[in-house]
Visitor: 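Pasting a structure here, questions to come.
We name chains A, B, ... by the order of the sequence lines, and we start the count at 1 in each one.
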Amino acid sequence: MKIKFKIESNEYKGPFNLEMTIGSGQTSQPAWEKNGKYFQELIMVKNKPCLVKIAHNSNTDSPIDIIAESPHEIEKEHIKDNIMEIFGLNDDLLKLYDFLSSDPKLEPTIDFCKGLRLFKAHSVFESVICSITSAHNSIRQWNKAIRLIKEKWGDEYKFSDGTFYSFPSPETLAEAPEYEFDEAECSPDFLKTRTSWKDLRSCRVGYRSKYIIKTSQMVQNEVDLEKIRNMDYESAFESILKLPGVGPKVGDCILLYGYGFGKAFPVDIWISRIVSRLYFEGKNVPNPKMRSLGIEKFGDYAGYTQLYLFHYARKSGLMEKLKPEKSQK
DNA sequence: CGCCAGGACTACT
DNA sequence: AGTAGTCATGGC
């Protein structure tokens, strides 16, 4: 089946900037691939593969353009539900902007981030692996790593627009080797073929490969990710921290992107610097304290506030100012 | 060559 | 409870 449909601007509240949302480096999933005026990616709808192509002109209130294609029959409404969720179109940005406007320190972020929405994961497990891989990594390298993992272990689906891969299951990644061969016993020629090996190291995830394997095993055997969905935020936070490779920042990313806990406030190095400057007079404050400030001060908007502060700091050049000076002239 | 990337973990006081 | 060292890998 192949269908075209639109999402009208009156079906969601506030502005929407598709390109900014996809390109803002949110680590829930790799950036969708650009194809002409469309962005495209394979998503699973009711366990059926579906290629989604989506386009939108953010400067007008024109409708969102969607083309969906699948070897199976899928109801339009189900596809639409998934898209609404992934691009944060169920979130009321008008209310968010009311909230941000009420704090002079947050108000300036609105103009820089107009239409920016949370980019939610396709599945909780994907957000777990994506977030683990993003830790102490560059966005660029992280994107490449996740794409390699999908290529090597995901199910392959071919469309006229290209070949796409689903995200592998916990069971699959639980059995993925860190090294397919012992490098010490390989001939120099064979070592050159390493990029094509079916192991995690060849995906350029480095030392995180152990975390990915162990976490997948735990998700397969003892940790029920769906159970966490119904917990209150703090219990969910404690539970997700049990996974190896998941610390406070990665954990909050999973809760935010994977489960949709709006209260989650992921504190990375940049948020730490920004919040320090805005709310602690530039003083060095431990991350847990940053996190509690975010949760208490921003409440259900903490996740969006974090997103807007981060993006604002990047776009406004504040990031550069906040970097510790290497040498002063 | 050195430094850093949206940190987490371990081994120390 | 707080703090330094270490961890792959690629880009600059």
Visitor: Between A/E183 and A/R194, does any side-chain N to carboxylate O distance fall below 4.0 Å?
Guide: yes
Visitor: Check the distance between B/dC3's P and A/N137's CG and give it to me in whole angstrom.
Guide: 19 Å
Visitor: Mind checking if A/P248 touches a base, just sugar-phosphate, or nothing, with heavy atoms under 4.0 Å?
Guide: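 Sugar-phosphate only.
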Visitor: In this structure, how many angstroms lie between the P atom of B/dG7 and the CG atom of A/N287, rounded?
Guide: 10 Å
Visitor: What does A/V246 touch in the nucleic acid at a heavy-atom separation under 4.0 angstrom: a base, only the sugar-phosphate, or nothing?
Guide: sugar-phosphate
Visitor: Can you tell me the distance, in whole Å, between the CZ atom of A/R273 and the P atom of B/dC4?
Guide: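 Taking CZ of A/R273 and P of B/dC4, I get 9 Å after rounding.
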Visitor: Looking only at the aromatic ring of each residue, does the gap between the centers of A/F87 and A/F119 stay below 6.0 angstrom?
Guide: yes
Visitor: Using a cut-off of 4.0 Å on non-hydrogen atoms, how would the nucleic acid contact of A/I139 be classed: base, sugar-phosphate, or nothing?
Guide: base
Visitor: Just by distance, no angles: are the side chains of A/T193 and A/W197 close enough, under 3.5 Å, to form a donor-acceptor pair?
Guide: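 Indeed, the side chains of A/T193 and A/W197 share at least one donor-acceptor pair under 3.5 Å.
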Visitor: Below 6.0 angstrom between ring centroids: does that apply to A/F167 and A/H122?
Guide: no
Visitor: Ignoring hydrogens and angles, are the base of B/dG7 and the side chain of A/Y211 linked by a donor-acceptor pair under 3.5 Å?
Guide: no
Visitor: What is the separation between atom OH on A/Y207 and atom C1' on C/dC7, rounded to the nearest whole Å?
Guide: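 Rounded to the whole Å, the gap is 6 Å.
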Visitor: What is the distance, to the nearest angstrom, from the CG atom on A/D252 to the C1' atom on B/dG7?
Guide: 13 Å
Visitor: Restricting both atoms to N or O, compile the protein contacts to nucleotides 10-12 of chain C shorter than 3.5 Å, with distance only.
Guide:
{"residue": "C/dG10", "atom": "OP1", "partner": "A/R204", "partner atom": "NE", "Å": "2.8"}
{"residue": "C/dG10", "atom": "OP1", "partner": "A/R204", "partner atom": "NH2", "Å": "3.1"}
{"residue": "C/dG10", "atom": "O4'", "partner": "A/Q141", "partner atom": "OE1", "Å": "3.3"}

Visitor: Round to a whole Å and report the spacing from CD1 of A/I212 to P of B/dG7.
Guide: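 After rounding, the gap between these two atoms is 16 Å.
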Visitor: Return the 5'-most residue of the pair A/I271, A/G245 with respect to DNA chain B, ranking by each residue's nearest nucleotide.
Guide: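 On the 5' side of the pair lies A/I271.
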Visitor: Which listed nucleotide (B/dG7, C/dT9, B/dA5) is nearest to the side chain of A/V250?
Guide: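 Closest of the options to the side chain of A/V250: B/dG7.
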Visitor: Of the listed nucleotides (B/dA5, B/dA8, C/dA8), which one gets closest to any side-chain atom of A/R201?
Guide: C/dA8
Visitor: In whole Å, what is the span from the CD1 atom of A/I254 to the P atom of B/dG7?
Guide: 15 Å
Visitor: Quick one: do A/E8 and A/K6 make a salt bridge, cutoff under 4.0 Å?
Guide: no
Visitor: Between A/F190 and A/F181, is the ring centre distance below 6.0 Å?
Guide: yes
Visitor: So, are A/E180 and A/K198 salt-bridged, with charged N and O less than 4.0 Å apart?
Guide: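 Salt bridge flag = no for A/K198 with A/E180.
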Visitor: Roughly how many Å apart are C/dG11 and B/dA8, using the C1' atom of each and rounding to a whole number?
Guide: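 Those two atoms are separated by 23 Å.
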Visitor: Considering only atom P, compute the distance from B/dA11 to C/dA8 and round it to an integer number of Å.
Guide: 15 Å
Visitor: Please give, in whole Å, the distance from B/dC9 C1' to A/H136 NE2?
Guide: 12 Å
Visitor: Looking only at side-chain N and O atoms, does A/S134 offer a donor or acceptor that is under 3.5 Å from a partner on A/N137?
Guide: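 A/S134 and A/N137 do not have a side-chain donor-acceptor pair below 3.5 Å.
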Visitor: What's A/R208 touching, base or sugar-phosphate or nothing? Going by heavy atoms closer than 4.0 Å.
Guide: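 Answer is base: heavy atoms of A/R208 come under 4.0 Å of a base.
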